[in-house]
Amino acid sequence: MRIGLLTGGGDCPGLNAAIRAVVRRAYELGHQVLGFLEGWRGPIENLTKPLTPDSVSGILHVGGTILGSSRTNPAKIPNGYEKILENLRKNELDALIVIGGEDTLSVAAELHNRGFKTIGIPKTIDNDVYGTDYCIGFFSAVTYVADAIDRLHTTAWSHRRVIVVEVMGREAGWLTLYGGLAGGADWIMIPEVQPSLDELVAHVKRRYDSGKRFSIVAVAEGVKIPEIENKVKVEERDAFGHVRLEKKGIAMRIADYLKEQGFEARHVVLGHVQRGGSPVVFDRLLGTRFGVAAVDALQGGKSGIMVGLQGISIVEVPLTEVREKSPRLVPQELWELTRVFY
Ligand code: F6P
């Protein structure tokens with residue numbers, strides 16, 4: 001087989017581990033791999049990079065993606081899907097492996113529906129792809145968030161401050177919840193749970209009254225607070241129609257609100273640093289397992305599925321189901337863990 005490979009959407013640590021695994025497994029089985037550059041822009045504009053075991057040597061521990069990425073949406077480009085299919089044919093490809101989050105994988109589902117053999121691999125620091133317990137990149141980002149919260153403890157303590165930390169996560173609060181729990185945040189706000197500024201203020205006050213010198217509040221960028229939502233209007237959107245959430249400035253606005261209530265408060269936006277750096281061991285292993293499993297699925301004649309991790313096993317989930325059921329949100333029982341530590 002000649003197999004195409006691309007990475008789409010927001011980058012994250014562990015993508016190169018998956019690329020390396022796809023290439024190594026494919027060549028071991030006697031197949032060839034052609035990389036497409038910059039997400040769906042690659043197959044639309046025929047931007048390619050041949051991949052061999054030699055060209056993927058030494059990338060296991062390197063963050064980002066050697067193929068580049070973008071949020072290009074073929075549905076927004078005239079004849080986008082036709083151009084992709086034409087270039088796949090031109091390059092004599094038999095199949096395509098797509099590494100991406102919800103948006104990128106929904107395009108993969110569409111290609112499969114149009115008759116091209118396609119396999120998906122889930123990645124996103126948001127960890128919100130349906131059908132897998134974990135996505136590539138999530139644990140590297142969680143490690144960074146927990147470390148950032150650790151560091152903020154000492155400065156918040158020294159100055160008797162409330163520090164509000166903004167964590168990525170558009171619709172799902174996995175990163176904020178796991179990072180907040182691991183870093184010992186004193187209040188966690190995620191998009192799945194309607195937040196109350198009154199409860200937050202009461203909690204911070206309770207902590208000061210009980211002798212605590214500081215509070216760390218972890219808030220997901222996608223949290224919607226009516227009092228704040230009504231004041232800000234963000235127009236800037238990406239090609240999939242998502243609002244640029246950092247423009248909303250949720251952490252800054254919560255910190256401002258706390259100041260109005262008489263607390264000394266600061267905010268920190270962790271931003272794209274969460275997507276950078278070398279992958280932690282878990283993401284290297286996950287990328288490696290997913291890459292091999294994707295090639296094995298093709299070898300077994302499969303198409304239209306995403307490989308995922310459920311428990312400790314690799315599973316195959318129909319891409320159409322992934323498209324319909326994503327985003328996967330934080331379940332109530334995990335959210336309730338936070339209450340134990342307030
Ligand atoms: O898709 C993951 C994500 O990290 C979101 O949490 C965030 O809102 C978004 O990417 C920002 O991506 P970019 O600035 O690259 O468009």
Side-chain angles (χ1 to χ4, degrees), residues 6-15 18 37-41 63-65 67-73 76 98-108 120-132 134-146 148 165-180 188-192 218-224 228-229 232 234-253 267-277 279-280 283 286-287 306 322-323 326-330:
L6 66 82
T7 50
D11 75 328
C12 62
L15 291 173
L37 302 177
E38 296 174 20
W40 292 112
R41 187 180 300 141
T65 157
L67 292 175
S69 195
S70 73
R71 294 194 186 275
T72 309
N73 181 357
K76 293 280 168 61
V98 175
I99 310 176
E102 186 187 348
D103 296 328
T104 305
L105 294 175
S106 70
V107 176
I121 295 180
K123 68 84 225 174
T124 166
I125 66 163
D126 291 1
N127 203 39
D128 60 354
V129 175
Y130 172 84
T132 186
Y134 297 111
C135 299
I136 295 172
F138 174 63
F139 271 108
S140 301
V142 169
T143 305
Y144 176 78
V145 173
V165 194
E166 185 171 314
V167 179
M168 278 186 170
R170 185 182 297 286
E171 280 149 308
W174 293 100
L175 189 54
T176 309
L177 181 76
Y178 275 46
I188 295 174
M189 301 164 95
I190 60 173
E192 290 86 340
V219 58
E221 62 180 355
V223 160
K224 290 192 176 68
I228 289 174
E229 218 64 24
V232 279
V234 180
E235 307 287 356
E236 207 177 317
R237 288 173 188 269
D238 68 22
F240 284 88
H242 304 302
V243 163
R244 294 274 311 280
L245 285 170
E246 77 266 30
K247 301 262 173 186
K248 195 170 92 178
I250 188 83
M252 180 186 73
R253 290 171 200 280
H267 78 278
V268 176
V269 181
L270 297 183
H272 291 79
V273 192
Q274 293 163 100
R275 298 217 310 237
V280 297
D283 284 326
L286 193 64
M306 177 194 83
V322 172
R323 180 170 63 180
S326 295
R328 183 183 66 113
L329 303 180
V330 170

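In listed order, ligands and their atoms are each counted from 1.
Looking at residues two or more places apart in sequence or on another chain, you find no side-chain hydrogen bond (donor to acceptor under 3.5 Å, both in side chains) involving Tyr144. Residues satisfying the side-chain hydrogen bond (donor to acceptor under 3.5 Å, both in side chains) test with Arg275, not counting sequence neighbours, are Asp11.
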### Task
For side chain to side chain contact (heavy atoms under 4.5 Å, CB included), just list the numbers for Leu270 and Glu166, CA-CA rounded to whole Å, side-chain angles, deciding distance to a tenth of an Å, and then say yes or no.
CA-CA 6 Å; Leu270 297 183; Glu166 185 171 314; over 6 Å; no
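Side-chain contact check for Val167 versus Glu221: every heavy-atom pair is 4.5 Å or farther apart.
Of the possible donor and acceptor atoms, one in the side chain of Ser70 sits under 3.5 Å from a partner among the backbone N and O of Glu38.
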Side-chain donor-acceptor pairs of residues 170-177 under 3.5 Å, sequence neighbours excluded:
from, atom 1, to, atom 2, distance (Å)
Arg170, NH1, Val243, O, 2.9
Trp174, NE1, Asn127, O, 3.4
Trp174, NE1, Arg328, O, 3.0

Show me a pair-per-line table, with atom names and distances to 0.1 Å, of protein N or O atoms that are under 3.5 Å from an N or O of ligand 1.
from, atom 1, to, atom 2, distance (Å)
ligand 1, 4 (O), Arg275, NH1, 3.3
ligand 1, 6 (O), Asp126, OD1, 2.8
ligand 1, 6 (O), Asp126, OD2, 3.1
ligand 1, 6 (O), Gly169, N, 3.3
ligand 1, 6 (O), Glu221, OE2, 2.9
ligand 1, 8 (O), Arg170, NH2, 3.3
ligand 1, 8 (O), Glu221, OE2, 2.6
ligand 1, 10 (O), Arg71, NH2, 2.9
ligand 1, 10 (O), Arg275, NH1, 2.9
ligand 1, 12 (O), Arg71, NH2, 2.8
ligand 1, 12 (O), Arg275, NH1, 3.0
ligand 1, 14 (O), His272, NE2, 2.8
ligand 1, 15 (O), Arg275, NH1, 3.3
ligand 1, 15 (O), Arg275, NH2, 2.8
ligand 1, 16 (O), Arg71, NE, 2.8

